[in-house]
Q: 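This structure is in structure tokens; I'll ask about it shortly.
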Amino acid sequence: MRKIIILTLVAMFAVACGNSPQTTAVNNQQTNVNVAIKTENNSMTVSSHSQNQTETVKVPAKSDPNGGSPMAKSVDVTKMTENIDKAKAAYEKNAKSDEAKKTLAKAYFERAFALTDAAQYRAALGDFRKGLKLDPTDEDAKKMHDQIISIFESIGREPPKEGEEPPPMPIGK
């Protein structure tokens, strides 16, 4: 039983560290236990093999719409999304207006910074990209955009492609 608990904890740690399909083998010579951890398609199989028994534990992976950030938390962006929608409608009515363009960019940046604070980096990246297309002169937004890209690079993960960023996490998830 102790082995299963340890294997489950190891499996949960492996899921928290990444969501890409992989198999990890761990050999513990002190207790003569071999462990295989396989993560794929939002599920994980943990198998342990000792001299007298084989145990397999199926552990569901944490489903994270934000792409695997274990630190992501929900944040209420309802008002910010409404501001984006209003600014977008005003911009679509008068696309040549610099004021409407800046207002829409500012609305995207406001939500992007809130999402960044909530560790929803993938969703934030989408808003930074949209805002920077409208106002590429915003230095704070550009720095944060570049910092998020740098974070992805430092952990060896690909940032979402432009247009494939997830929406903000729903409240309470």
Side-chain angles (χ1 to χ4, degrees), residues 8-24 37-44 59-173:
T8 303
L9 291 173
V10 168
M12 289 169 43
F13 177 76
V15 169
C17 290
N19 214 9
S20 60
Q22 61 184 12
T23 300
T24 306
I37 302 169
K38 182 178 180 183
T39 59
E40 187 171 7
N41 296 331
N42 285 332
S43 68
M44 178 180 340
V59 181
K62 180 180 172 186
S63 178
D64 187 348
N66 206 38
S69 176
M71 296 176 59
K73 55 187 182 255
S74 63
V75 61
D76 188 358
V77 294
T78 306
K79 185 69 173 158
M80 292 174 237
T81 302
E82 289 172 6
N83 290 342
I84 289 171
D85 292 341
K86 288 177 188 174
K88 191 184 293 184
Y91 176 68
E92 288 172 353
K93 285 182 182 176
N94 189 4
K96 294 184 181 194
S97 168
D98 285 338
E99 183 179 336
K101 192 182 227 185
K102 292 251 185 197
T103 301
L104 179 55
K106 183 178 176 185
Y108 277 122
F109 295 148
E110 180 184 10
R111 189 172 71 177
F113 281 108
L115 293 170
T116 301
D117 290 343
Q120 294 188 43
Y121 302 117
R122 293 174 182 271
L125 191 57
D127 282 351
F128 281 122
R129 286 173 173 164
K130 290 172 189 169
L132 287 169
K133 280 188 174 187
L134 298 164
D135 182 10
T137 64
D138 190 303
E139 288 299 318
D140 291 335
K142 179 70 174 141
K143 284 178 189 174
M144 188 56 71
H145 169 275
D146 293 347
Q147 187 173 355
I148 291 171
I149 296 294
S150 176
I151 289 169
F152 278 105
E153 290 172 354
S154 73
I155 61 174
R157 296 186 93 178
E158 285 290 319
K161 291 180 176 36
E162 191 168 337
E164 295 179 5
E165 303 90 348
M169 284 175 45
I171 307 285
K173 296 290 178 187

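In this chain, residues are counted from 1 in sequence order.
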Q: Among residues two or more places apart or on two chains, list those pairs meeting ring pair (Phe, Tyr, Trp, His ring centres under 6.0 Å) that have a residue in residues 84-109.
A: none

Q: Starting at CZ of Arg129, measure out to NE2 of His145 and round the result to the nearest 0.5 Å.
A: 5.0 Å

Q: Taking Glu162's backbone N and O only, do any of them form a donor-acceptor pair with Glu164's side chain (distance below 3.5 Å, no angle check)?
A: no

Q: Does Ile84 form a side-chain contact (heavy atoms from CB on, under 4.5 Å) with Leu104? I'd like the steps, not just the answer.
A: CA-CA 6 Å; Ile84 289 171; Leu104 179 55; 4.3 Å; yes

Q: Check side chain to side chain contact (heavy atoms under 4.5 Å, CB included) between Glu153 and all other residues, then give those that pass, not counting sequence neighbours.
A: Ile149

Q: Of all heavy-atom pairs between Ala105 and Gly131, which one has the smallest distance, and what is that distance?
A: CB-O, 3.6 Å

Q: Which pairs, with at least one residue in residues 88-112 and sequence neighbours excluded, count as a salt bridge (Lys or Arg N to Asp or Glu O under 4.0 Å)?
A: Lys102-Asp135, Arg111-Asp127

Q: Return the minimal non-hydrogen interatomic distance between Pro159 and Arg122, and the atom names on each side.
A: C-NH1, 4.5 Å

Q: My understanding is that only residues two or more places apart in sequence, or in another chain, count here; which of them pass side chain to side chain contact (heavy atoms under 4.5 Å, CB included) with Thr116?
A: Tyr121, Ala124, Phe128, Met144, Ile148

Q: Hey, does the side chain of Gln120 reach the backbone of Met169 with a donor-acceptor pair shorter than 3.5 angstrom?
A: yes

Q: Name all residues meeting the salt bridge (Lys or Arg N to Asp or Glu O under 4.0 Å) criterion together with Glu82; count only those two or more places apart in sequence or in a different chain, and write none if there are none.
A: none

Q: Looking at Ala87 and Ala107, what are the two nearest heavy atoms and their distance?
A: CB-CB, 4.5 Å

Q: Evaluate the side-chain proximity of Val75 to Pro168: yes if any heavy-atom separation is below 4.5 Å, no if none is.
A: no

Q: Under the side chain to side chain donor-acceptor pair (under 3.5 Å) rule, collect the residues that match up with Asn94, sequence neighbours excluded.
A: none

Q: Once side chain to side chain contact (heavy atoms under 4.5 Å, CB included) is applied, do any residues pair with Asp85, and if so which ones, sequence neighbours excluded?
A: Thr81

Q: Distance from Gln147 atom CD to Ser154 atom OG, nearest 0.5 Å?
A: 10.0 Å

Q: Which residues pass the salt bridge (Lys or Arg N to Asp or Glu O under 4.0 Å) test with Lys142, sequence neighbours left out?
A: Asp146

Q: My understanding is that only residues two or more places apart in sequence, or in another chain, count here; which of them pass side chain to side chain donor-acceptor pair (under 3.5 Å) with Lys143?
A: none

